[in-house]
Amino acid sequence: MNMETLVSLAKRRGFIFQSSEIYGGTGSCWDYGPLGVELKNNIKRVWWRDNVHLRPDMVGLDASILMHAMVWKASGHVDHFTDPMADCRACKRRFRADQLDAGPWVHYCAAKAGNKFEVPAGEPCKHCGSRRTLCPACGKGELTEPRQFNLMFKTFMGPVEEDAAITYLRPETAQGIFVNFDNVLQSMRLKLPFGIAQIGKSFRNEITPGNFIFRTREFEQMEIEYFVNPKDTVNGRPADEYWHERWIEDRLAWYQRYGIHPENLRLREHGKDELSHYSKRTADVEYRFPMGWSELEGIANRTDYDLTQHARFSGKSLTYFDEERKEHVVPYVIEPSAGADRSLLAFLVDGYAEEEVRGEKRVVLRLHPELAPIKIAVLPLLKKRDEIVATAQAVRADLARRWVAVYDDTAAIGRLYRRQDEVGTPYCVTVDVQTVGDPEKREAGDQQVTVRDRDSMGQIRVPIGELTSVFERLFSGEGWTAVAARYPPRRVRGNVRA
RNA sequence: GCGGGAAUAGCUCAGCGGUAGAGCGCCAGCCUUCCAAGCUGGGGGUCGCGGGUUCGAAUCCCGUUUCCCGCUCCA
């Protein structure tokens with residue numbers, strides 16, 4: 001599996017198109033096509049259901065993308081979300097200019113000709129006063145002047161482009177939750193621990209976007225801020241550490257529940273040196289993408305950093321009153337922050353399979369039935385028979401009230417199946433002559449159709465009247481094997497091409 | 001942003017100074033009683049974009065945009 005194959009499939013089958021393609025494309029932006037938007041909506045819907053509706057301790061939120069500029073001052077993004085970068089003119093490597101002094105460096109001092117010596121970490125040369133100027137990787141090249149990379153999109157509120165009107169497109173949805181902490185607390189009568197979930201677009205001027213939809217400058221996050229009382233203990237551990245561990249386990253399990261192979265998932269603990277300025281501990285859920293292990297979701301313990309900062313900058317109290325201790329506390333927050341686009345990419349990559357069937361290559365997207373863009377395809381075996389076509393269209397219309405169901409008659413049955421396999425449709429329904437009967441042979445129809453399973457390619461005969469209950473069982477997770485056992489396999493009446 | 005590679009039909013690619021091609025896919029018709037069948041026909045490309053050289057440029061030169069691989073970063 002390589003990314004190019006997937007990019008090609010995604011475009012060919014209407015999942016993902018490059019943004020503004022007719023104008024030559026625009027960097028790092030991608031559009032979700034008819035099937036892509038279904039898939040993405042399904043991912044967001046099951047995430048919301050599992051993390052908000054099914055839990056008694058979670059509520060949702062949808063904050064605006066544009067916020068008061070002070071939000072980003074308080075959050076630290078204006079000051080910390082910038083990286084001064086310097087490039088080596090010789091080996092072309094790039095470095096964080098603020099981390100160049102981290103190690104000792106070899107210095108050819110101009111003030112003391114012929115002298116080459118090592119300067120200790122963090123110190124300037126005591127002879128000439130200069131700091132590190134040569135590349136720490138190759139030791140030869142001069143470094144360029146540090147250039148400031150601001151990762152936030154700057155824009156103007158209102159039509160006048162003046163400094164007072166500057167604000168930012170949010171670089172994370174999290175801050176919308178923090179600034180609404182008190183509103184949600186007051187209106188929903190919540191007790192710690194509780195969480196607020198939000199799905200929405202965020203924007204970062206990434207230095208290097210790429211790898212298809214993996215790193216883009218406009219992306220969609222699925223974030224949870226789970227507030228806990230840091231003074232509580234659970235199972236003998238501080239509440240924030242306990243819940244952090246719980247969320248790490250829950251989130252890892254979530255990806256597996258929707259079909260990601262366990263061997264393609266792992267947890268990676270952040271080292272002390274790579275922790276964000278607000279984080280006490282962070283663990284990443286990583287997926288084995290075609291380009292290597294990369295982050296799907298970061299689960300951070302943000303402590304009381306954000307609420308404290310916003311309280312300080314806004315002058316508003318952002319505390320929770322602990323009834324038992326009769327005191328105000330600033331909650332700690334655990335943040336499971338997932339990428340919707342990255343999840344979608346992982347589900348595509350993980351579901352993609354090529355197998356050999358009768359000497360032909362079969363491409364199948366083994367998407368979890370809840371995620372599949374199309375749930376059921378209803379197909380006529382023969383499109384020249386009006387009764388077959390009419391019955392198939394009626395069956396589709398009936399099923400479409402409950403599930404995304406499509407009708408297709410533009411090819412022979414084998415090709416129709418393969419097309420549906422390639423876009424991950426879990427089940428097909430085929431209407432044939434037996435279903436509707438054959439007037440010329442005075443045969444009556446049996447009103448039964450073939451239901452075909454994507455993964456096993458198994459087929460059963462099901463009365464049209466029982467289709468809804470069969471699909472209810474299949475989509476509730478009962479499994480093909482269990483459901484198929486109640487129905488006869490399709491009777492083979494010969495195959496003219498065999 | 002730097003270095004390297006690439007850009008021709010929906011997809012994969014050939015053509016590399018002289019009338020834009022193939023395979024697959026797509027559409028239509030015929031045929032066909034269940035896993036990418038066959039036959040016939042069809043639509044579709046100002047060869048990424050803009051300049052230049054030339055009688056003539058997909059082809060050579062310059063610029064530019066986008067994608068891919070590294071550096072780097074994160075959801």
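Note on naming: letters A, B, ... go to the chains in the order of the sequence lines (proteins, then strands), and numbering restarts at 1 for each one.
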When you measure only distances, ignoring hydrogens and angles, does the side chain of A/Arg215 come within 3.5 Å of the base of B/C73 through a donor and an acceptor? yes
Could you verify whether a donor N or O on one side chain and an acceptor N or O on the other, from A/Gln175 and A/Ser75, lie under 3.5 Å apart? no
Please evaluate the base of B/C35 for a donor-acceptor partner in the side chain of A/Arg362 within a cut-off of under 3.5 Å? no
When both distances are under 3.5 Å in a Watson-Crick or G-U wobble arrangement, the nucleotide paired with B/C2 is B/G70
Between P on B/C35 and CG on A/Asp455, what's the gap in Å once rounded to a whole number? 19 Å
Which part of the nucleic acid does A/Leu296 contact within heavy-atom distance under 4.0 Å: base, sugar-phosphate only, or nothing? sugar-phosphate
Under 4.0 Å, counting only non-hydrogen atoms across every strand here, what does A/Arg461 touch: a base, just sugar-phosphate, or nothing? base
Nearest-angstrom distance from the residue atom CD1 of A/Ile460 to P of B/C34: 18 Å
Donor + acceptor pair across side chains of A/Asp455, A/Trp480 (<3.5 Å): no
Out of B/C26, B/G10, B/C74, whichever nucleotide has its closest atom nearest the side chain of A/Arg415: B/C26
Whether A/Trp243 and A/Tyr226 hold their rings parallel, tilted or perpendicular, with breakpoints at 30° and 60°: tilted
Contact nearer the 5' end of RNA chain B, comparing A/Thr430 with A/Arg12: A/Arg12
Would you measure the distance from the P atom in B/C69 across to the matching atom in B/U64 and give it in whole Å? 23 Å
Taken to the nearest whole Å, NZ/A/Lys384 to P/B/U33 is 14 Å
Any N/O donor-acceptor pair, A/Arg204 side-chain to B/A75 base, under 3.5 Å: yes
Which nucleotide in B/C74, B/C11, B/A37 has an atom nearest any side-chain atom of A/Phe214: B/C74
By the 4.0 Å heavy-atom rule, please label A/Phe212 as base, sugar-phosphate, or nothing. sugar-phosphate
Can you tell me the Watson-Crick or wobble partner of B/U64, both distances under 3.5 angstrom? B/G48
Tell me which nucleotide among B/C68, B/A36, B/C11 gets nearest to the side chain of A/Arg418. B/A36
Just to be sure I understand the rule, does A/Thr216 reach a base, reach only the sugar-phosphate, or reach nothing, if contact means heavy atoms closer than 4.0 Å? base
Ranking B/A37, B/G29, B/C67 by distance to the side chain of A/Gln18, first place goes to B/C67
Checking contacts here: which listed nucleotide (B/C34, B/A28, B/A36) is nearest the side-chain heavy atoms of A/Leu381? B/C34
Between the base of B/C74 and the side chain of A/Arg342, is there any donor-acceptor pair under 3.5 Å? yes
Starting from P on B/C73, measure out to CZ on A/Phe203 and report it in whole angstrom. 24 Å
Which part of the nucleic acid does A/Arg419 contact within heavy-atom distance under 4.0 Å: base, sugar-phosphate only, or nothing? sugar-phosphate
For the pair made of CZ in A/Arg13 and C1' in B/C11, what is the distance, rounded to whole Å? 10 Å
Which one, B/U33, B/G29, B/A36, comes nearest to the side chain of A/Val363? B/A36
Any donor-acceptor pair under 3.5 Å joining the side chain of A/Ser8 to the base of B/C11? no
Please check if any side-chain donor atom of A/Arg419 sits under 3.5 Å from a side-chain acceptor atom of A/Thr410, or the reverse. yes
Pi stacking test for A/Tyr417 and B/A36: under 5.5 Å apart, planes under 30°: no
Select base, sugar-phosphate, or nothing to describe what A/Asn211 touches, counting heavy atoms under 4.0 Å on all strands. sugar-phosphate
Spacing of A/Asn205 atom CG relative to B/C74 atom P, expressed in whole Å: 15 Å
Looking only at side-chain N and O atoms, does A/Asp350 offer a donor or acceptor that is under 3.5 Å from a partner on A/Tyr287? yes
Separation of A/Leu35 atom CG from B/G10 atom P, in whole Å? 19 Å
Mind checking if A/Ser337 touches a base, just sugar-phosphate, or nothing, with heavy atoms under 4.0 Å? sugar-phosphate
What contact category does A/Lys361 fall into here, base, sugar-phosphate, or nothing, at under 4.0 angstrom with non-hydrogen atoms? base
If the P atom of B/U19 is compared with that of B/G3, how far apart are they to the nearest Å? 38 Å
Just call it for A/Gln459: base, sugar-phosphate, or nothing, with non-hydrogen atoms closer than 4.0 Å on any strand. base
Distance, nearest 0.5 Å, that separates CZ of A/Arg251 from CG of A/Asp284: 13.0 Å
Quick one: which of A/Arg490, A/Arg461, A/Glu443, A/Gln447 gives a side chain to side chain contact (heavy atoms under 4.5 Å, CB included) with A/Gln434? A/Arg461
The single option from A/Phe219, A/Phe214, A/Phe212 that satisfies ring pair (Phe, Tyr, Trp, His ring centres under 6.0 Å) with A/Trp30 is A/Phe212
Taking the P atom in each of B/G56 and B/A6, what is the distance between them to the nearest angstrom? 28 Å
Of all the nucleotides listed (B/C34, B/A36, B/C35), which has the minimum atom distance to the side chain of A/Ile413? B/C34
Proximal nucleotide (of B/A28, B/A36, B/C35) relative to the A/Thr410 side chain: B/A28
Using the P atoms only, state how far B/C13 lies from B/U8, rounded to an integer number of Å. 9 Å
Could you tell me how far apart A/Asp408 (CG) and B/C26 (P) are, to the nearest whole angstrom? 9 Å
